[in-house]
Undergrad: 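One structure follows; several queries about it will come next.
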Amino acid sequence: MSHGASDRSSVAGQLEQPAGPVLAVRDLRVAFRTPLGLAQVVNGISYDVEPGKTLAIVGESGSGKSVGTLALLGLLPSGVANVDGSAVFAGRELIGLSEDQLRPIRGAGIGMVFQDPMTSLNPVLTVGRQIVEAIRAQGTASKGAARARAGELLAEVGIPDPASRLDAYPHQLSGGMRQRVMIAIALAGGPKVLIADEATTALDVTVQAQILELIQRLQEEHGTGVVWITHDLGVVAGIADHVLVMYAGRCVEEGNVDELFDRPVHPYTRGLLGAMPLVDDPRPARDRDPLATMPGLPPDPVALPPGCAFYPRCPVRADTRCADEVPPLVSVAGSGDAHRAATFYAPEGA
Ligand SMILES: Nc1ncnc2c1ncn2[C@@H]1O[C@H](COP(=O)(O)OP(=O)(O)O)[C@@H](O)[C@H]1O
Ligand SMILES: [Mg+2]
């Protein structure tokens, strides 16, 4: 799979040629056929996932974060979801592949960890059996070899006494331990990309920090590209290299993490970061829950407004242009291409 990259570096005669993204998503669109009409849930998302780096996709509930990643692996209900655009993984276009072609890519190419390990794990099978199945789904390992590998994976994700934990059932483990098991299953195929979708949302803060640390360590050891999906911008600062902020199925702002946190431009991002008071709230920014205090709701994906999707909630909207035109995602002045935003608003000093 890495032939292309090594050919290029030998042609260039350089050893330190950057390998390029392992996953490149371009203009991804997902619409659902619903009784009320076409729900346009993902409306042209583009991003790169680099080996060993973390891309955070942030946005409030319903912004299309999960649908946009499930679409890559053909995990949306067939017959009702229209998926368009491109997603090239390790040189191969994923969009349009059949179920049979995608199955080996799930797990061995792209691993996924979801929010609720209690519903993702099978309650009637031991965790050892579930990891063994994930290992054997990838190839021809014997039962004995797969069980030995399962024990190694449990050790790798920081589960104490892994040999005896193989025989535990999910309900015998804590929430944090169950999430570690899910990570072990996701790692069983040696994925190049790990998609963690609200993977720590159900965990208390201490356990959340341990899981974040674990993923960072595994990422360093294996050079995995991580897509970290969350509604919680607070988690992102410590782990992401690049941040993409989604609103109503579009990217409203993206940039490298320092740039985006230091100089947020889009009123939505500024609201999330407390850089712009959205309602009269005397408390300091760190004590507010920005999503709870942002008035209004995202638009109905069946009836997207013609202009900026954030227009109805925007505290600094201009009444004509913002209502009529979708602001394009363009480079923020002075940022090179490290920071882009989709707004007609230009904050002072940004
Ligand atoms: N099978 C489906 N049919 C119709 N709409 C759906 C379906 N699955 C998800 N949606 C809608 O897609 C939107 C985005 O959902 P999702 O990607 O889960 O949001 P997020 O992960 O950002 O919270 C929501 O409005 C949701 O109701
Ligand atoms: Mg989701």
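Quick note: numbers below take in every heavy atom, side chains included, and nothing from hydrogens, waters or symmetry partners. Both ligands and their constituent atoms are indexed starting at 1 by order of listing.
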Undergrad: Can you tell me the protein heavy atom closest to atom 8 (N) of ligand 1 and the distance?
TA: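 Nearest neighbour among protein heavy atoms for atom 8 (N) of ligand 1, to 0.1 Å: F32 CZ, 3.5 Å.
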Undergrad: Starting from atom 11 (C) of ligand 1, find the nearest protein heavy-atom neighbour and note its residue, name and distance.
TA: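 Heavy-atom neighbour on the protein nearest atom 11 (C) of ligand 1: V41 CG2, 3.9 Å.
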Undergrad: If you measure from each heavy atom of S63 to ligand 1, is any distance below 4.0 Å?
TA: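 Checking ligand 1 against S63, which is what was asked, there is a heavy-atom contact under 4.0 Å.
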Undergrad: List the closest protein heavy-atom neighbour of atom 22 (O) of ligand 1: residue, atom name, distance to the nearest 0.1 Å.
TA: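 Nearest neighbour among protein heavy atoms for atom 22 (O) of ligand 1, to 0.1 Å: K65 NZ, 2.8 Å.
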Undergrad: For the side chain of E253 and the backbone of H266, is there at least one donor-acceptor N/O pair under 3.5 Å apart?
TA: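 Side chain of E253 to backbone of H266: a pair is present.
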Undergrad: Which ligand 1 atoms does S61 reach within 4.0 Å, using its non-hydrogen atoms?
TA: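 Once the distances to S61 are compared, the set is 23 (O).
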Undergrad: Quick one: nearest non-hydrogen protein atom to atom 23 (O) of ligand 1, plus distance?
TA: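 Ranking protein heavy atoms by distance from atom 23 (O) of ligand 1, first comes G62 N, 2.7 Å.
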Undergrad: Among protein heavy atoms, which sits nearest to atom 18 (O) of ligand 1, and what does the distance come to when rounded to 0.1 Å?
TA: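 Here the nearest protein heavy atom works out to S66 CB, 3.7 Å.
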Undergrad: If the cut-off is 4.0 Å to any non-hydrogen atom of G64, which atoms of ligand 1 fall inside it?
TA: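 That gives atoms 14 (C), 17 (O), 19 (O), 20 (P), 22 (O) of ligand 1.
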Undergrad: If you measure from the Lys or Arg side-chain nitrogens to the Asp or Glu carboxylate oxygens, is any gap between R26 and D48 under 4.0 Å?
TA: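 Here R26 pairs with D48 in a salt bridge, since their nearest N and O are under 4.0 Å apart.
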Undergrad: Looking at CD1 of I211 and OG1 of T200, how far apart are the two atoms once the value is rounded to the nearest 0.5 Å?
TA: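 I211 atom CD1 to T200 atom OG1 measures 8.0 Å (nearest 0.5 Å).
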Undergrad: Which heavy atom of L173 sits nearest a heavy atom of R178, and at what distance?
TA: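 What the structure gives for the nearest pair is O-NH1, 2.8 Å.
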Undergrad: For atom 17 (O) of ligand 1, what's the nearest protein heavy-atom neighbour? Residue, atom name and distance, please.
TA: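 Protein heavy atom at minimum distance: V67 N, 2.8 Å.
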Undergrad: Could any protein non-hydrogen atom be found less than 4.0 Å from atom 14 (C) of ligand 1?
TA: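 There is a protein heavy atom less than 4.0 Å from atom 14 (C) of ligand 1.
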Undergrad: Given 3.5 Å as the limit, does a donor-acceptor pair link the side chain of T224 with the main chain of V226, or not?
TA: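 Here the side-chain-to-backbone pair does not exist.
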Undergrad: Check whether Q130 reaches the backbone of L125 with its side chain - one donor and one acceptor, N or O, closer than 3.5 Å.
TA: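 Looks like yes, one N/O pair under 3.5 Å.
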Undergrad: Of all the atoms in S66, is at least one N, O or S atom closer to the Mg ion (ligand 2) than 2.8 Å?
TA: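 Yes.
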Undergrad: Can we say E156 and R217 salt-bridge, meaning some charged N sits less than 4.0 Å from an Asp/Glu carboxylate O?
TA: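 Salt bridge absent between E156 and R217.
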Undergrad: Taking D324 for the side chain and G307 for the main chain, is one N or O donor matched with an acceptor at less than 3.5 Å?
TA: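 Here the side-chain-to-backbone pair does not exist.
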Undergrad: With heavy atoms of P77 as the reference, note each atom of ligand 1 found under 4.0 Å away.
TA: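 Here the atoms of ligand 1 in question are 1 (N).
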